Amino acid sequence: QVQLIEAGGGLVQAGGSMRVSCAASGRTLSNYNMGWFRQAPGKEREFVAAIEWRDGTRYYAASVKGRFTISRDNARNTVYLQMNSLKPEETAVYYCAAGTTLLRLTSTLSYDYWGQGTQVTVSS
C-alpha cells in the first residue's frame with residue numbers, strides 16, 4: 001500500500017506561482033510512475049502532468065506545458081508540481097497519483113493510489 005498526502009495548496013492571484021507537493025509513505029515512490037490531476041467543481045478529473053519512474057520522462061497536458069513542471073525527489077519520497085502563470089480557470093482540487101503501468105499515463109485508470117487532494121484557488 002502507498003499513502004499519498006498532498007500539501008501546498010491555497011490561494012494565489014492570477015499570474016502567480018504555487019508549488020504543491022505529494023509525500024508518500026508505505027513504499028518508495030522510486031518504483032512508481034507519478035501523476036498530477038485536477039478536478040474543478042462539476043467537471044471531470046483531468047490530467048495535468050506525469051513522470052515515469054524508469055527514466056524520469058515527463059508528460060504534460062497541452063494547457064499547462066511551458067508553465068508547469070513536475071519533478072520528483074526519490075530521497076524524500078516526494079513529487080512536486082511547480083505551477084507558474086496560474087489562471088483563474090485552473091482553480092481545482094489537485095490530486096497526485098501513483099501507478100506502475102506505463103500505458104497511458106494521462107489516464108486516471110493507469111494509477112493505483114491517490115491522495116486526498118489539495119485545493120488550489122486562483123483569484124482574478
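Any value given below was found using the heavy atoms of this structure, including those in side chains, with hydrogens, waters and symmetry copies removed. Note that the coordinates shown come from a computational prediction; the quantities given were computed from them, not determined experimentally. Along the sequence shown, residues are numbered consecutively beginning with 1.
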Do [X] and [Y] make a side-chain contact, defined as non-hydrogen atoms from C-beta onward lying under 4.5 Å apart?
X      : Y      : result
Leu109 : Thr101 : no
Thr69  : Arg58  : yes
Arg27  : Gln1   : no
Leu11  : Gln119 : no
Val48  : Met83  : no

Closest heavy-atom pair and its distance - [X], [Y]:
X      : Y      : answer
Ser30  : Trp53  : O-CB, 3.3 Å
Phe37  : Thr106 : CE2-O, 3.6 Å
Gly35  : Tyr111 : N-CE2, 3.6 Å
Leu4   : Gln116 : O-OE1, 3.5 Å
Ser124 : Ala14  : CA-CB, 4.3 Å
Met34  : Ala98  : SD-CB, 3.5 Å

Once rounded to the nearest 0.5 Å, what's the spacing between atom [atom1] of [X] and atom [atom2] of [Y]?
X     : Y      : atom1 : atom2 : result
Ser85 : Arg67  : OG    : CZ    : 6.5 Å
Ile51 : Leu105 : CD1   : CG    : 10.5 Å
Cys22 : Asn77  : SG    : CG    : 9.5 Å
Arg72 : Leu29  : CZ    : CG    : 6.5 Å
Phe47 : Tyr60  : CZ    : OH    : 9.0 Å

Assigning hydrophobic clusters by single linkage (Ile, Leu, Val, Met, Phe, Trp, Tyr; side-chain heavy-atom cutoff under 4.5 Å), is [X] placed with [Y]?
X     : Y      : result
Tyr80 : Phe68  : no
Tyr95 : Leu81  : no
Val12 : Val64  : yes
Val79 : Tyr113 : yes
Tyr94 : Met18  : yes

Under the 3.5 angstrom rule, does the side chain of Thr78 hit a backbone N or O of Asp73 as a donor-acceptor pair? no
Flag if over 12 foreign heavy atoms under 6.0 Å of CD, Glu46: yes
Could you tell me if Tyr59 and Glu52 have a donor-acceptor pair between their side chains, going purely by distance under 3.5 Å? yes
